[in-house]
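Heavy atoms only: backbone and side chains are in, while hydrogens, waters and symmetry mates are out. Note that the coordinates shown come from a computational prediction; the quantities given were computed from them, not determined experimentally.
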Amino acid sequence: MTTARQLPSSAIEPNMIDRILDDYRVVVCGGTGGVGKTTVSAALGIAAAQRGKRVLVLTVDPARRLANALGLDQIEHQLVEIPTGHSGQLWISMLQPDRIFEHFIDQVDVAAVDKQRLKQNRLFQQLSTTLSGSQEFTSLMWLQQLAASGDYDLIILDTPPSDHAIDFIHAPERIAALFEGTVAKFFAGKVTRLGILNKLLVGSTQLWLKALSKLTGAEFIDAVSDFVTSIDPFSQVISARSRAAERLLKSDQTAFFLVASPDPAKLEQGQAFHDELQHSGYRLQAVVINRAYPCWFQQSVDSGIGSTKLQGHMQRYYQSRIDQVRASPLVSDNAIPVMELPELVGPLAGPDELQQLANYLLAEPAISAGTDE
Amino acid sequence: MTGKGGTGKSTVAAALALKHAREGKRVLLIELGNRSFFSTSNGSSLANAASPSEQVRLPDALAGIDLLQLAPLASLKQFVKRFALFETAANMLLDSKPARGVLNTLPGLKELAIIGKLTHYLEPSDEQGGYDLVVVDSFSTGHFLALLRAPLALAESIRSGPMGRQCRKMIKQLQDPTLCRFVIVTLPEELPLAESLELSATLADEFAIEVDYLCNKTLLEQDLIAVDAEAADQGFVAYLEDWRQRQTKVLAVLTQQQRSVQALPYCFEVDLNQQIETLADALT
């Protein structure tokens with residue numbers, strides 16, 4: 001992969017992906033839904049194995065895409081080793097989104113009777129699987145646990161699908177708040193739920209609770225009250241694990257990658273993601289523009305051919321998108337290496353395509369920036 | 001409108017709104033979430049950052065469409081105001097810090113508030129502005145299901161009280177095909193297709209809701225076969241052949257679903273405004 005790029009581009013800087021894979025112990029791949037985070041995460045895993053690493057890729061993948069791409073039927077929770085033909089070792093583990101929160105509850109160190117009570121709560125049963133942020137929270141807990149095990153040189157986390165990349169950063173806070181915060185304090189306590197609720201409802205300082213009760217009906221308040229009482233035993237372990245996970249994400253062992261598609265709205269969101277990460281003390285180390293141009297594009301630009309009218313249209317279209325990407329603040333203003341990956345032929349990335357992408361990641365020059373520390 | 005991320009859902013939603021606005025209907029386009037699709041730099045010519053919970057008119061080519069950005073927290077506040085029996089009760093809830101904390105963190109409440117706002121447009125009363133059509137550019141697949149499940153879950157857990165009643169009413173309105181139509185935007189690609197089929201099966205099972213499909217970014221059959229394989233760039237020929245096979249398969253599978261399916265053209269325009277117009281022209 002040594003072809004010099006002939007596209008109009010800013011100064012070509014050395015690719016830093018190999019250094020990031022060597023220097024960090026955790027890589028978090030963020031990005032909005034549909035940009036190909038899972039594919040890029042898997043390709044990074046192969047690239048790391050190629051560099052001799054013991055690497056684990058963690059993914060929440062409702063489409064079972066990664067399993068398909070790697071030629072497996074399913075990968076659920078347990079670790080599966082993937083043969084790569086490289087000197088390192090690659091494992092994949094996939095969380096099932098529909099059982100994700102329950103799985104976490106099963107794993108934490110809390111008395112079985114308390115786990116049973118929470119799982120039997122109607123609100124928990126109905127809401128735990130769809131609770132926004134529960135996938136993010138659980139995958140983070142899981143990352144922290146596996147990183148602490150010391151079994152891997154590198155763990156790559158494919159963040160759950162979301163409408164905005166930044167959701168990943170804030171979701172765990174929201175879940176932790178549910179378990180340890182305001183709700184529990186104002187409803188719960190360890191006395192019987194009706195007792196405390198009545199006390200709250202008659203207390204003159206708790207007028208707002210009366211109002212809430214009027215709004216929702218007593219039955220709802222009752223269900224919520226039981227819910228928060230049930231989650232109370234979990235609050236300590238959850239807040240400790242949340243803090244450990246946050247420390248890991250902010251430590252100098254963790255690098256963030258942003259995976260984006262070459263469209264202006266996504267690039268703008270990418271810039272917001274960059275700003276927010278920097279503001280909150282995380283390290284964004286690389287941007288990957290996935291499916292930046294079709295596989296035939298570079299060659300057709302190099303040779304100047306456009307064999308049909310359609311190809312001419314497409315060539316101009318992709319060229320103007322590339323120009324847009326390169327002119328965007330995310331690419332031109334930040335001191336972060338930006339990689340463009342081609343869109344390969346083939347409906348589903350298979351092992352060969354993933355290897356091809358890994359080669360691109362390791363060998364293609366970045367299109368911009370890259371700090372030279 | 002829903003669909004997998006990256007399928008062009010927001011552009012297609014805007015195009016559908018434009019098509020109906022051109023026909024002289026009063027159209028409201030609602031965006032869910034904290035960020036407006038039209039406030040990004042590529043759309044800044046269309047609307048200056050829609051302020052949350054306030055309708056703005058889209059100018060220029062998209063004139064005739066009102067745009068409303070519905071942020072979850074703002075929806076929650078409106079929801080409380082609407083259902084609190086007394087004004088003082090609502091203010092008490094919204095002014096009290098612990099109460100706001102509770103409202104904010106309780107699972108499903110924000111989702112419920114959004115659905116509450118959306119179904120409010122289905123009420124016979126005219127207080128919402130008398131729109132002929134409301135197009136909702138909703139969340140992508142996973143979050144969309146969470147949104148719909150909120151009233152269902154609460155209706156199941158709460159059998160009595162105003163909240164439970166409201167939830168059951170909302171579900172009924174969403175399920176009424178004379179009021180609501182659900183559209184999945186998909187692509188002529190395997191993964192978006194798989195996600196679309198999975199979503200429509202879930203919607204049918206859990207909610208008795210049937211969906212229609214818009215397959216975005218398709219190429220005309222004549223373009224796909226018109227390449228002279230002898231003279232052409234071989235990489236491009238292979239690329240188009242792969243595209244043709246995928247597209248044929250995806251459209252065939254969608255057609256088998258016995259619902260309305262329309263293929264929308266790939267827009268080779270970078271300008272968002274133009275893309276929306278091209279798609280509005282193509283929509284039937």
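- Counting heavy-atom pairs under 4.5 Å between each of A:H313, A:M314, A:R316 and chain B puts A:M314 at the top.
- Applying the side chain to side chain donor-acceptor pair (under 3.5 Å) test between A:Y293 and each of A:Q298, A:R321, A:Q319 identifies A:Q298 as the sole match.
- The six-membered or imidazole ring of B:W243 lies away from that of B:F236, with a centre-to-centre distance of 6.0 Å or more.
- For B:E269, the part lying under 4.5 angstrom from a heavy atom of chain A is the backbone only.
- Residues that satisfy the side-chain contact (heavy atoms from CB on, under 4.5 Å) test with A:S230, not counting sequence neighbours, are A:R117, A:L118, A:N121, A:D226.
- With sequence neighbours excluded, no residue satisfies salt bridge (Lys or Arg N to Asp or Glu O under 4.0 Å) with B:K249.
- In this structure, chain A has a heavy atom under 4.5 Å from the side chain of B:L219, while its backbone stays farther away.
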